[in-house]
Amino acid sequence: MTAPQLTDVHPAWLPPEAFRALGSRRTVVQGTGLLVETVRQEVADAAARYGGSLRQPTTGADEPTEPDDLVLALTTGATVPAGAAAVLAELAAQTGQLGADGFALARRAGVTVVLADAAPGLLYGLFEVVRRGEAAFGAGFPVERHRPAMRLRMLNHWDNVTVDPVMGQVERGYSGGSIFWRDGALTPELSRVRAYGRLLAASGVNAVTVNNVNVHAVEARLLTDRLGDVAAIADELRPYGIRVHLSITFAAPVTLGGLPTADPLDEHVRAWWAKTTRQVYDTIPDFGGFVVKADSEGQPGPFGYGRSHADGANVLAEAVAPFGGAVHWRAFVYNHRQDWRDRSTDRARAAYDHFAPLDGQFRDNVILQVKYGPIDFQVREPISPVIAAMPATRLAVELQVTQEYTGQQRHVCYLGPLWSEVLGFGPWGADGPSVADVAAGRTADVAGPPVGGGGLAAVSSVGDDPFWTGHPLAQANLYAFGRFAWNPRLDPLAILDEWIDLTFVPTATGDPDRLRRTLHAIMDDSWRTYERYTAPLGVGFMVRPGHHYGPDVDGYEYTPWGTYHFADRDGVGVDRTRATGTGFTGQYPAPWSQVYESLDQCPDELLLFFHHVPYGHVLHSGSTVIQHIYDTHFAGVEQVTESRRRWAEIVDLVDPAVAARVGERLDEQVRSATEWRDQLNTYFFRKSGVPDAHGRRIH
């Protein structure tokens, strides 16, 4: 198996040049199995390109005439190659094990050593060497242990097998069609699927779903008579340690099995799920499990039978349990037919109200997948209170790599700083466990028995576009997700540095320092820049309904979807306090329940999410709410305009196709940001009647 190198597709963070340091060395790979063969082939391909060598491991009687530069070895099985013995002895003297995905890395006496207990760890160790480049072969360094914080690091594809008349081939996809499906069938370009698995493994991802959580009629059949298509995808991803999962419809016993009911407590339903699941594992033995969106936005679920979400999830968990599978049950459940006149109904409350009372009722192979915020991946939201409310349930925290509400890959919006804030947030205060700790299963010191974490999941941003993510700079978000899932404590700007140096390899760039500085200037603060020219102070949405691109301040204000800002002539914001509002603040534990309840303590960036305030309310920053709206929207456009200017200065340092695509997207971002500025400022000027203190033009 040769590592896939697609000539018509951008190599993202694995261009051949990234393998130069590895490929110019003498390397030995020890071990057996599919993933070890992947490692061996990666090394062989790099050596063939850059003049190095790959040799077979030898016994002590057949030492090589020249010392190895790099040793990649499993700690079990055959004799550890020369050069690794000292590192192995040092590891053996330390407590703890590396685990299935972990590896140890060290450099001793001119030899770089990667040791792993299992083949996945060896693969991840290889990509760590690639990430470091020449630094992996420089000065010696002591043994480093690398283990992922999250056992499950999953990307959810919202891909449709057939083109949906409303949502297209990929729902909330901004990068072309699906890389898995085309014209109602499995894509013939399976080499690209394998290349995708390679990219994911290099960033740390180990699981994907291959179809939309909104399961339509054709997609439902992937569970049964079209399972062979899923197996073919699994075959392409398996060499890179990626396990396939499937989104399924809760109504499958009726729509696929011909039963009169999908009641999870019905014995015939239980038997159907058991039989069908057995067939799945007979076809795909390493199948990961099911992802389910139920009783949400029109998708069927257990409510139709008077059952709870725990009842619904547990029947599926029972079916996959004998095979080591898991059920990801999404907590995105709310009333999408509410009356906008009724201020007591609050979409933000819904997930907690539905799921918190069920804590402890789910089987241990059920993972409740919770969006990081209580609404829907807005550019600024508080952390979902569900994350702190279910200590006896395995929780996965869900992010969104596809930029549905953050510019749809037409805008530069590096999400690493957002995710860093989310994962580092302490739901019980600064001294307690973080959101990342909950996802990793480290919350037993808070309450309840120790529960294994559900990991980190995210909605994928990939399509069949030559640049994978449509906007070449949006690749950084996909890379960053995998790195945060591996280690949520990484610095988002350090992750960006990794991505820059892999994607635009310094040895292949005319002026790498200038390129790196410029990309940081454009990307470091781009999330906050996007926030500045869109919805202010945590109020959210204000987007065009349906496609969610571009401004429409009142777009959702009178709809049944429940996302309102309540702006009038006197003020703006949603009262979610216990004292006078929806009571949402009471879903948080201390200290946040008190902080968010208090108008004085509530952080500025979330003020309008929790409080309805006059336009003249003075923020902690010293500005009034209305002046903040004006100032940030003008500043946001200026910052985007400056990014476009900066990019024009470095187009000579990047591939012409990349230069053209990024330039085109930056032009659109300037246009869109200007439209956001003018519509938002005009709307609030006309509502409030308060002029801009600086006399700038407002229409």
Side-chain angles (χ1 to χ4, degrees), residues 148-151 153 331 348-349 351-352 355-356 359 367-375 377-400 415-458 480-481 483-495 527-528 531 537-538 576-578 584-598 600-607 609-611 620:
M150 314 291 173
R151 284 179 291 177
R153 308 174 295 279
R349 292 185 54 103
Y352 182 103
F355 287 96
D359 188 35
I367 297 171
L368 189 64
Q369 191 163 307
V370 183
K371 291 188 179 186
Y372 72 82
I375 298 290
F377 299 130
Q378 297 304 291
V379 69
R380 179 76 69 172
E381 290 187 56
I383 298 302
S384 170
V386 177
I387 293 171
M390 304 187 71
T393 302
R394 293 179 68 189
L395 297 183
V397 176
E398 181 178 330
L399 309 176
Q400 191 177 43
L415 296 171
L418 165 62
W419 295 338
S420 182
E421 285 190 15
V422 166
L423 295 169
F425 182 83
W428 297 273
D431 297 329
S434 67
V435 169
D437 291 329
V438 175
R442 296 189 296 267
T443 60
D445 55 329
V446 176
V451 176
L456 208 62
F481 168 74
R483 296 294 285 140
F484 275 122
W486 184 278
N487 182 358
R489 290 176 173 78
L490 289 173
D491 180 347
L493 300 188
I495 292 175
W527 161 54
R528 294 181 180 87
E531 180 181 25
L537 300 170
R576 291 188 162 103
T577 66
R578 298 186 298 282
F584 173 67
T585 59
Q587 293 184 343
Y588 288 90
W592 296 107
S593 56
Q594 288 79 26
V595 170
Y596 294 146
E597 179 80 7
S598 168
D600 293 332
Q601 297 181 55
C602 185
D604 283 351
E605 64 268 20
L606 292 172
L607 179 69
F609 191 95
F610 287 105
H611 297 274
H620 296 115

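In this chain, residues are counted from 1 in sequence order. Predicted, not measured: the structure shown is a model, and the values here were computed from it.
Under the 30°/60° scheme for interplanar angles, the aromatic rings of Trp419 and Phe484 are found to stand perpendicular.
The closest donor-acceptor contact from the side chain of Arg153 to the backbone of Pro148 lies at 3.5 Å or more, if one exists at all. For the pair His611 (side chain) and Thr577 (backbone), a donor-acceptor distance under 3.5 Å is absent. Judged by distance alone, with hydrogens and angles left aside, the side-chain atoms of Glu597 form no donor-acceptor pair with the main-chain N or O of Gly586 at under 3.5 Å.
Salt bridge present: Arg489 and Asp437 bring a charged side-chain N and a carboxylate O closer than 4.0 Å. Ion pairing of Arg576 with Glu381 is absent here, as no side-chain N (NZ or NE/NH1/NH2) approaches a carboxylate O to less than 4.0 Å. Between Glu531 and Arg380 there is a salt bridge, with a side-chain nitrogen of the basic residue lying less than 4.0 Å from a carboxylate oxygen of the acidic one.
Within the 4.5 Å cutoff, side-chain heavy atoms of Phe377 are placed close to those of Lys371. Within the 4.5 Å cutoff, side-chain heavy atoms of Val422 are placed close to those of Ile383.
Aromatic ring centres of Trp592 and Phe425 lie closer together than 6.0 Å.
For the residue pair Pro427 and Ala388, the shortest heavy atom distance occurs at CB-CB, 3.7 Å. Summarising the geometry of Val370 relative to Ser384, their closest heavy-atom pair is CG1-OG, 3.7 Å, with the distance given to 0.1 Å. The shortest non-hydrogen separation linking Trp428 to Ile387 is CH2-O, 4.3 Å. Here the shortest heavy-atom pairing between Gln601 and Gln594 reads NE2-O, 4.5 Å. Here the shortest heavy-atom pairing between Ala436 and Met150 reads O-CE, 3.5 Å. Nearest heavy atoms, Ala439 versus Val397: CB-CG2, 4.0 Å.
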